[in-house]
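Here the structure is a predicted model, which means the values were calculated and not measured. We're numbering straight along the sequence, starting at 1.
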Amino acid sequence: AVVNEIDREELGMHYTSVKNILRTIKPLFLDELNDELKNAENDSKKIKSLLKKIYQIRIFDPACGSGNFLVIAFKELCKIEIELFKRLKEIDKNEWLILKSGIQLTQFFGIEIDDYAHEASKLSLWIAEHQMNKSFEAVLGEARPTLPLSPSGNIYCGNATEIDWKKICPDDDKKVTYILGNPPYTGSKKQNNSQKKDVARVFNEFKSFKNMDYISCWFYLASKFIKDSSNKFAFVSTKSVSQGELVGLMW
């Protein structure tokens, strides 16, 4: 809705439903966190350990559009935090008084080529933070104030195929980064000149790249980002990346 139809088609932008976002993020990190939540039960030590783990997570969408993946990931992490705080409140009401939400918008990173969508992404995160503050208050009777606005997510306006992703989301051995999103697909025959140049730049070390899907750029750059680390990534994609010519070219 924030980008006109012609630009959406040209940039390969597409809306992703909450259902499909969850199909991406649940196996990436959410299922594991929910399993730990279940196993923590009312063990104060396990609960605090899981809270610490959540606060060390970073979410990075290098084709973030208006921020839907970042917003849903933020809300899901907040839901787990609220449940953990409910348990802590039951265990020790005195300790509860000094606890406060530790999930920060600065844990969220994004790259978006369209300036208007990039600004909408930052706004979406602020709105999501306000919504979760209200949920926190409704469940626990306490909430951090929405105003003044906290620093927004680290959303950068630019072409993700030209930018060093680690300048946007620097290496940090103490934190785990989950890369996710729904990058533009655009088959080789439908790419415009600018997109063809992007593919050539990303795959300049290789001889065969002219028939690459545009989304291959994101798969390759994400693979480089997570190499030799505990970071992971998951993208929504067309089945073209796992069948036919692209299998031999990309994988």
Can you tell me how far apart NZ (K75) and CD1 (I21) are? Round to the nearest 0.5 Å.
10.5 Å
Quick check: do Y178 and I25 have side-chain heavy atoms less than 4.5 Å from each other?
no
Beyond-backbone contact of S49 with K45, side-chain heavy atoms, under 4.5 angstrom
no
Main-chain N/O of G110 paired to D61 side chain as donor or acceptor, under 3.5 Å
no
Neighbour count above 12 (heavy atom, 6.0 Å) for R23 CZ
no
For residues I82 and I127: do they belong to one hydrophobic cluster (side chain heavy atoms under 4.5 Å, members Ile, Leu, Val, Met, Phe, Trp, Tyr)?
no
Counting only N and O atoms by type, is there a donor-acceptor contact under 3.5 Å from the side chain of E32 to the main-chain atoms of F29?
no
Less than 4.5 Å apart, side chain to side chain, heavy atoms only: is that true for Y220 and F206?
yes
Report yes if some heavy atom in the side chain of D213 is under 4.5 Å from a heavy atom in the side chain of T238; otherwise report no.
yes
Is it the case that atom NZ in K196 sees more than 12 heavy atoms from other parts of the structure closer than 6.0 Å?
yes
Value rounded to 0.5 Å, distance of CG in L30 from OG1 in T24:
11.5 Å
For P184 and W218 the tightest heavy-atom approach is CG-CH2, 3.6 Å
Quick check: is I163 connected to I59 through a chain of hydrophobic side chains (ILVMFWY, heavy atoms under 4.5 Å apart)?
yes
Evaluate the criterion side chain to side chain contact (heavy atoms under 4.5 Å, CB included) for residue pair I215 and T186; output intermediate values, then yes/no.
CA-CA 7 Å; I215 198 173; T186 319; over 6 Å; no
Here's a test for you: under side chain to side chain contact (heavy atoms under 4.5 Å, CB included), which of K38, E76, K53 qualifies with L33?
K53
Is N68 reaching over with its side chain to a backbone N or O of T16, donor-acceptor style, under 3.5 angstrom?
yes
Any Q191 side-chain heavy atom under 4.5 Å of V199 side chain
yes
Neighbour count above 12 (heavy atom, 6.0 Å) for K190 NZ:
no
Determine the interplanar angle of the F108 and F74 rings, folded into 0 to 90°, and report it as parallel if under 30°, tilted if 30 to 60°, perpendicular if over 60°.
perpendicular
Q107 side chain vs R58 backbone, donor-acceptor pair below 3.5 Å
no
Atom CG of residue position N193 - does it have more than 12 heavy atoms of other residues, nucleotides or ligands inside 6.0 Å?
no
Please test L249 against F209 for side chain to side chain contact (heavy atoms under 4.5 Å, CB included), starting from the C-alpha separation and ending with a verdict.
CA-CA 7 Å; L249 286 175; F209 59 79; over 6 Å; no
Within-4.5 Å side-chain heavy-atom neighbours: S216 and L246:
yes
Rounded to the nearest 0.5 angstrom, the CG-NZ distance for L105 and K122 is 12.0 Å
Can you tell me if CG on N204 sees more than 12 non-hydrogen neighbours from other groups inside 6.0 Å?
yes
Would you say W165's side chain and I111's backbone share a donor-acceptor pair under 3.5 angstrom?
no
Just by modelled atom types, is the I113 backbone N or O under 3.5 Å from a matching donor or acceptor in the N159 side chain?
no
Taking all heavy atoms of Q56 and all of K174, pick out the closest pair and write down the distance.
OE1-O, 3.2 Å
Stepwise salt bridge (charged side-chain N to carboxylate O under 4.0 Å, His left out) check, R87 with E83
CA-CA 7 Å; R87 296 183 191 182; E83 178 57 33; 3.2 Å; yes
Could you tell me if the side chain of S208 sits less than 4.5 Å from the side chain of F203, heavy atoms only?
no
Distance-only, no hydrogens or angles: does the S223 side chain make a donor-acceptor pair with backbone N or O of F219 under 3.5 Å?
yes
Would you confirm whether the ring centroid of Y214 sits within less than 6.0 angstrom of the ring centroid of Y185?
no
Could you go step by step and tell me if Y156 and E112 meet the side chain to side chain donor-acceptor pair (under 3.5 Å) rule?
CA-CA 6 Å; Y156 186 88; E112 171 52 42; over 6 Å; no
If I take atom CZ from residue F109 and atom CD1 from residue I168, how far apart are they, to the nearest 0.5 angstrom?
9.5 Å
Side-chain contact, heavy-atom cut-off 4.5 Å: P62 with I179?
yes
When rounded to the nearest 0.5 angstrom, what distance separates NZ in K46 from CD in E41?
7.0 Å
Candidate list S124, S121, C64, test side chain to side chain contact (heavy atoms under 4.5 Å, CB included), partner V71, passing option
S124
Under 3.5 Å: donor-acceptor pair, side chain of D114, backbone of A117
yes
Run the side chain to side chain contact (heavy atoms under 4.5 Å, CB included) test on I54 and L84 for me, step by step, so that the C-alpha distance in whole Å, both residues' side-chain angles and the decisive distance to 0.1 Å come before the verdict.
CA-CA 11 Å; I54 290 172; L84 291 169; 4.1 Å; yes
For a side chain to side chain contact (heavy atoms under 4.5 Å, CB included) check, start with the C-alpha distance between S194 and K197, then their side-chain angles and the critical distance, and finish with the verdict.
CA-CA 5 Å; S194 177; K197 287 179 181 177; 5.7 Å; no
Do L70 and L123 belong to the same hydrophobic cluster, where Ile, Leu, Val, Met, Phe, Trp and Tyr are linked whenever their side-chain heavy atoms lie under 4.5 Å apart, directly or via other members?
no
Donor-acceptor contact present, side-chain E119 to main-chain Y116, <3.5 Å:
no
Rounded to the nearest 0.5 Å, what separation is found between the CG atom of L125 and the CD1 atom of I155?
5.5 Å
Which word best sums up how the rings of F233 and F235 line up, parallel for under 30°, tilted for 30 to 60°, or perpendicular for over 60°?
tilted
